[in-house]
6 protein chains.
Amino acid sequence: MSDLSKMESRKMSYRVDGEFFIITFTDPQTLNSLSGTDFLYLARLLEIAETCESVSFTVLQSTGRFFSAGADISHISKVQKAAQQDPTGMLGKWLAEFASRNVFVTHTFASHSKILVCCLNGPAVGLTAALVMLCDIVYSMNDKVYLMFPFANLALVTEGALSVTLPMKLGYNVAHEILMFAKPVTYHQLIDKVIVRNYMLSDTETFNSQVLSDLQEKTSGLHHDSIINMKELLKRPILSELKRANIDEVADAMKYWVQSLPQQRFQEIGMKKRKHKF
Amino acid sequence: MSDLSKMESRKMSYRVDGEFFIITFTDPQTLNSLSGTDFLYLARLLEIAETCESVSFTVLQSTGRFFSAGADISHISKVQKAAQQDPTGMLGKWLAEFASRNVFVTHTFASHSKILVCCLNGPAVGLTAALVMLCDIVYSMNDKVYLMFPFANLALVTEGALSVTLPMKLGYNVAHEILMFAKPVTYHQLIDKVIVRNYMLSDTETFNSQVLSDLQEKTSGLHHDSIINMKELLKRPILSELKRANIDEVADAMKYWVQSLPQQRFQEIGMKKRKHKF
Amino acid sequence: MSDLSKMESRKMSYRVDGEFFIITFTDPQTLNSLSGTDFLYLARLLEIAETCESVSFTVLQSTGRFFSAGADISHISKVQKAAQQDPTGMLGKWLAEFASRNVFVTHTFASHSKILVCCLNGPAVGLTAALVMLCDIVYSMNDKVYLMFPFANLALVTEGALSVTLPMKLGYNVAHEILMFAKPVTYHQLIDKVIVRNYMLSDTETFNSQVLSDLQEKTSGLHHDSIINMKELLKRPILSELKRANIDEVADAMKYWVQSLPQQRFQEIGMKKRKHKF
Amino acid sequence: MSDLSKMESRKMSYRVDGEFFIITFTDPQTLNSLSGTDFLYLARLLEIAETCESVSFTVLQSTGRFFSAGADISHISKVQKAAQQDPTGMLGKWLAEFASRNVFVTHTFASHSKILVCCLNGPAVGLTAALVMLCDIVYSMNDKVYLMFPFANLALVTEGALSVTLPMKLGYNVAHEILMFAKPVTYHQLIDKVIVRNYMLSDTETFNSQVLSDLQEKTSGLHHDSIINMKELLKRPILSELKRANIDEVADAMKYWVQSLPQQRFQEIGMKKRKHKF
Amino acid sequence: MSDLSKMESRKMSYRVDGEFFIITFTDPQTLNSLSGTDFLYLARLLEIAETCESVSFTVLQSTGRFFSAGADISHISKVQKAAQQDPTGMLGKWLAEFASRNVFVTHTFASHSKILVCCLNGPAVGLTAALVMLCDIVYSMNDKVYLMFPFANLALVTEGALSVTLPMKLGYNVAHEILMFAKPVTYHQLIDKVIVRNYMLSDTETFNSQVLSDLQEKTSGLHHDSIINMKELLKRPILSELKRANIDEVADAMKYWVQSLPQQRFQEIGMKKRKHKF
Amino acid sequence: MSDLSKMESRKMSYRVDGEFFIITFTDPQTLNSLSGTDFLYLARLLEIAETCESVSFTVLQSTGRFFSAGADISHISKVQKAAQQDPTGMLGKWLAEFASRNVFVTHTFASHSKILVCCLNGPAVGLTAALVMLCDIVYSMNDKVYLMFPFANLALVTEGALSVTLPMKLGYNVAHEILMFAKPVTYHQLIDKVIVRNYMLSDTETFNSQVLSDLQEKTSGLHHDSIINMKELLKRPILSELKRANIDEVADAMKYWVQSLPQQRFQEIGMKKRKHKF
């Protein structure tokens, strides 16, 4: 899979440090919002991590105020215009641009064999927030972090197998309160369930390097194969359900994209005619 | 299904208000205890809510001190007497009166497609409490609410698919402590797991109208179809298990009804010879 | 459960012979058609077989031309009349009379621990035919036997967990051809899949006694506990699905009963205005 | 979803005739080979059938010698060229062109609510053959029909949820013999398992119209809702597994596409350097 | 895992030939009956096949009249004597000798990633026959082969996950007829379900070499990775159930071993006081 | 199963007191560390409790500072030496000594029908700690108790179905933090999830007798059969998964034992060359 260079993303970088494959979102100006191609690139990075024998942990880090503001809105209107000309119509275009990438990145996260660690420096929104929910371990920089799943406000449904991870990790009733009213998930709802430690820091760089040095210390002397093997054992009971949810969610969302409902609501948000719920 | 009027219940009323189908228990004198016919009527109301295109939320509210005191004991002794004359015997009578209604109301709650919101103004007991556990979102009036599942004290077993919802929502070990010793479930065990918000109010009417106006505000501008669709996605992984539990629970309970064990213990409670565990 | 005598059925008898609990349908005049009470009685017999320590096999036999012609039509019109007066309406009455008994007899067959042997002397129809499909071993008297599942013709859906047993035992596509067109299941479709041996006899009594003496010979010297234990092992992978199907089928059928659709079609058949599909 | 006209396909036509939604492959010159866009169009037709209240059966018919020769090879080399220029690389291009359409058409077939009837007039190959395996009822024109799943010969894996339907319908060991050696599935392997009736005809038009008139006769007087409802009941136990297989199969195949292995083997077949196994 | 040499078995040999890892039972004098150590050695051979990158098929062949006569009876009485002295008693000894090896060899077969091909030259009995049922592809030398599962005659229950494979491959009712009466499974029951081709030969050596040359021809030009990958896809829906059955079967059997019931019946067979059922 | 006396363990005693079957670890000198034989004996005690009709609760108690320090290290080096001479090699020996007992004790706990109550007087380590996680109800003596799962430090993987119970009871992300870094599970992570009540005592004897008298009071007047029946209902949805995990965990661990990796790390701990992670 040698064509990584071709699809290079200016939104993220990666490096390998011993047992750690570190992916960093590097576009604080756009609050690390990501296009379809960026999500594809992220999935490819996970596939590379997968093949690194020495790696036990794939660590997601970010820069600036937000972990990631989710989908790049400008990208959506571009696809919409292209769809109007495309011979395969809205369905073909949105399948190719939205569904295929959503399914692929979700599948890649759900079936990743290394321990997925997320260093949550700030808010995450939409699909990126759903990917945070797919991580095995989350550390927060402080108690100001939150996740946003504004699907009910956007004429969309859960993405990233969130319909399985949200009730599983935060509880069934809490998941309904969050999703049905497009309410943010606060730090207090996340701690001890999704977030396993609050670093109580204010600077992202300090936070990122502190987590890494802690990880290094915590894993020294441990048996690499045991770690990978135990993740596989923990994942086994839920993996089929994550895959089923992935395809169900995207198939359900297609209806709305084909009717241009989310496109319209994203546009309203872009034009400040529609607000997120807080 | 036009025979609703015939089976009308003096125990509850309903109305539709925009996206909300509101069912209210209206018999505070009996602490809103319900007979088999009342449970059947309740299930019918859910079926009507199901067919209202405009409705996204089915809201359960109550009046007076209790949300619902559960099964109407006087009804039980009436059925017992009838059973002694019935040509199909205890089995036929209790199947017809107890099992069929229990299975039906549980199945109707478990497979309801609208968001089930419960406004818990006070304690709920037995089957009604199990239905509260089947709701997607629960708000409490204050911290005095509790649920009671006195099955071990009544020679019964879990009802209303509680053998699935209780461990799923409160944890496996906590579920055992509650059920094996017939202990009430306190507000502190419910908050952030079953109850998603405590209104800290003392008056039921204020509570009921406050929840409704909050719901109206929280859902304004949201996409109706997204809401229904997301509930379906969240429910999918557990629905088969809820249905299996429903039939298993009722089949297991039949043994005890046929031996008249619960009847006898209900009678002892009616005569104050047996106390609930607190 | 001492009230068996009260609900005695003139439609069937039973006896215990060593390892065998033998139930015989004894009403050839009505082609062994069964009312709700008869199905209840049949379920009670299985419960008695369950408790007989010495019994390893529960054997179903019949008399006359048909194994069983299914539901007693006259009974249906009686219930329909009663339903029109009943305070719980169509829903309450059909739940009590139809659903509760269907669910109970199906659950009892599906979870029976002894080996269920069916001696198919002739055709079986409807719920009884579905119970034949729930048996572990079926012997046929000759190649004239068939099963009929005329649900599509009666405004009903599969009963007796047939939506699981039919595709499992006869194949997914064959199950569709049978059910969607209300076509009989022929001997040639059943042999080597449901029927494990064709006795090629013409007399029911000879057939019944021949099967029993064969069973006696085949089981001599075998370990009773191994037999019961192996059935449990074989049943384990499918039991939850049978239970789920049972409740789903009855819940789906209720819609049609409440609208009086099957009642009307049964009446048409009774008046020869509607024919079965052959 | 009004953009059907835009993506119109010259490969197939459709019409509604009472309870029947009939889709006909109309390109006998190419043996009804289909491009990605054609598969998308086919899926859209199923979605239209889905929304037709009056329709109970979606019937697939074809013309000429083959039911469908599967993927249009010329299309594959076109995509391959485009992929070499695409900014998202092989991964992005094949996701957009191959994976997204494969997943979508498979999901649409697997979750279709009407009875899927396939009139198999001749051989079917690859993805189309997998869709035949997803149909509920298959009739064959004669005993010369066969299915081909040459995945092992093409550096691909099963498609169209075949990894679930093939063992389920033909048996686990037979499925291995077929797939591991890329052997055709003969009529004799299909009859009574996938094919429920052999019409023993030699002319496709006669076959097509005979099936339709038979269907009309067989369904007359039957209850539409029962039919749809029973299919849903039969599908319920396997639907999650079909969805899981769909995503697993496509995710596994992506590895090979990205390495250009199937492309190369398709090219060899186009240039007659590689033969199918018979 | 370098200690293979130490545990070498005189009962079987192995060799690698291109894509094929061939294991041959080489003790025709004892009809290839196997002790616990032999089963362990067989499992170790599968583990070696697992690690051979070049291998796609693990082929089981035998010599002489029987494929394998199953458990070595003399071994059983030896263990029984040792158990009477063992500080951990019957339980500890039979766990160590019987359960642990049964579980291990079954788990190794069930989770083997290469295609398991069995060349059935003659009858197979007991655990070996259950392993035949776990193979993906079976060829028979002629129509005289059969399998014997005499568990009901030996105070045992199914082994080798047979409680899952037998109903899955031969049908639910046929599985009951076979197991409950300890009846042999004939060639006619196996063909087209377990056996995919009958070579109609009379000489084992000819048969063995003919199968190998056929395999070589059938796989030439096929893509190795596709083959392994498709087996994984086919196995995925049933693997958890095979594992669950493995442990359930052995746990159930322990009760009987601890009571010395199978030991006694094996002894009766050894002394010709008990016969197998034919 | 009369050979209990033979395998008597000096590490634990048991007694029956009304509804309670009480097992007490009685070797505070070794911190109640247990050998394979001890675990076997413990499983046998559960089997005896199983057969006591009058018993509803199986209560685990301990003595001294630790609940149990887990596997007896000296025992491990003894087995290792024996393995080097054993004709079945490392695999045969570790299967017989480690795997078979681990699987058996886990299966016995997972499928125990009485309510399992654990009185956690102090820390528990390794397999014993995993058994604590399999208990239905846990009471702690005070907030100094903890559990240790140092598998990543020992070149092992989860045991005792912990790969299912840990995420189920403590949450998916918390389970990863604990297992991947071999971190102890603190009282604060356990309370309200695994531990249902903290007795805030400092003396083990007082704690043990206080729990028993509380249990006696809490169960007085309750219906024995309801209690057992409700546990069965609560266990049903997870039992298959526990069994599957049991066999998967042991099969995965065997690889490491055969390579002598855990043996070496246990030795390092014994010689103080390796420390536990705190």
Side-chain angles (χ1 to χ4, degrees), chain A residues 149-159 161-168 170-183 186 188-189 191-193 237-238 240-242 244-256 259 261-262 264-265 268-269 273-278, chain B residues 19-20 56-59 110 112 114-118 120 132-140 164-171 189-197 211 214-242:
Chain A
F149 299 113
F151 305 117
N153 199 24
L154 296 168
L156 282 170
V157 295
T158 48
E159 300 179 345
L162 189 68
S163 61
V164 167
T165 56
L166 199 64
M168 181 178 90
L170 295 187
Y172 188 80
N173 287 19
V174 170
H176 276 81
E177 178 77 5
I178 289 165
L179 291 175
M180 300 314 153
F181 308 126
K183 286 177 61 173
T186 64
H188 294 290
Q189 291 174 307
I191 188 68
D192 293 336
K193 286 170 183 158
I238 59 165
S240 281
E241 205 57 29
L242 290 175
R244 198 268 316 143
N246 184 16
I247 181 73
D248 268 345
E249 290 174 348
V250 168
D252 284 354
M254 279 308 298
K255 299 193 283 288
Y256 306 121
Q259 296 171 73
L261 297 175
Q264 189 180 316
R265 289 177 170 238
E268 288 169 19
I269 281 179
K273 286 193 198 153
R274 174 175 292 273
K275 278 199 280 191
H276 281 310
K277 298 253 158 183
F278 277 97
Chain B
E19 283 208 279
F20 305 96
S56 306
F57 294 84
T58 301
V59 183
H112 194 56
K114 317 288 180 163
I115 317 306
L116 277 161
V117 176
C118 174
L120 200 64
V132 171
M133 291 299 295
L134 276 169
C135 289
D136 304 310
I137 293 173
V138 179
Y139 301 115
S140 79
V164 168
T165 56
L166 200 64
M168 181 179 90
K169 295 192 175 179
L170 296 186
Q189 292 174 306
L190 294 167
I191 187 68
D192 293 335
K193 286 171 182 156
V194 169
I195 297 172
V196 297
R197 180 171 164 199
V211 170
D214 284 359
L215 283 174
Q216 248 135 10
E217 196 202 311
K218 288 199 284 188
T219 56
S220 84
L222 298 182
H223 188 55
H224 172 92
D225 286 0
S226 293
I227 288 172
I228 300 297
N229 203 333
M230 287 196 290
K231 161 149 185 186
E232 195 196 353
L233 286 164
L234 291 165
K235 184 62 81 59
R236 210 163 290 174
I238 58 165
L239 188 51
S240 281
E241 206 57 30
L242 290 174

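Every chain is numbered from 1, with letters handed out A, B, ... down the list of sequences.
Side-chain contact check for B:Met168 versus A:Met168: every heavy-atom pair is 4.5 Å or farther apart. For the pair A:Phe181/B:Ile137, a side-chain contact is recorded, criterion being any heavy-atom separation below 4.5 Å from C-beta on. The closest side-chain heavy-atom distance from B:Met230 to A:His176 is not below 4.5 Å. For the pair A:Met180 and B:Leu234, the minimum side-chain heavy-atom distance is below 4.5 Å.
At a 4.5 Å heavy-atom cutoff, the contact between B:Val138 and chain A is made by backbone and side-chain atoms alike. Using a 4.5 Å cut-off between heavy atoms, A:Leu179 contacts chain B through both its backbone and its side chain. Within the 4.5 angstrom heavy-atom criterion, no atom of A:Ala245 approaches chain B. Only the side chain of A:Glu241 comes within contact range of chain B, judged by heavy atoms closer than 4.5 Å. Heavy atoms of B:Val196 lying under 4.5 Å from chain A belong exclusively to its side chain. For a residue to count as touching a neighbouring chain, one of its non-hydrogen atoms must lie under 4.5 Å from one of that chain's; by this rule B:Ile238 touches chain A with the side chain only. For A:Val164, the part lying under 4.5 angstrom from a heavy atom of chain B is the side chain only. Contact of A:Leu261 with chain B is made through the side chain alone, with heavy-atom distances under 4.5 Å.
Under a cut-off of 6.0 angstrom, the local environment of CD in B:Gln216 is crowded, with over 12 non-hydrogen atoms contributed by other residues, nucleotides or ligands.
When B:Thr219, B:Val194, B:Thr165 are compared by the number of non-hydrogen pairs under 4.5 Å with chain A, B:Val194 comes out ahead. In terms of heavy-atom pairs under 4.5 angstrom with chain B, the leader among A:Leu162, A:Leu154, A:Leu156 is A:Leu156. Options A:Asp248, A:Val174, A:Leu170, A:Leu166 differ in how many heavy-atom pairs under 4.5 Å they form with chain B, and the most are formed by A:Asp248.
Ionic pairing of A:Glu249 and B:Arg236 is not present here: no N-O contact between side-chain nitrogen and carboxylate oxygen is shorter than 4.0 angstrom.
Taking A:Tyr256 as the reference, B:His223 meet the ring-ring contact (aromatic ring centres under 6.0 Å, His included) condition, with sequence neighbours excluded. Residues forming a side-chain hydrogen bond (donor to acceptor under 3.5 Å, both in side chains) with A:Asn153 (at least two apart in sequence, or on another chain): A:Arg274.
If you check the side chains of B:Lys169 and A:Asn173, you find a donor sitting under 3.5 Å from an acceptor.
Interatomic distance, CZ of A:Arg265 versus OG of B:Ser226, reported as 7.0 Å (0.5 Å rounding). Atom CZ of A:Phe151 sits about 12.5 Å away from atom CG of B:Asn229, to the nearest 0.5 Å.
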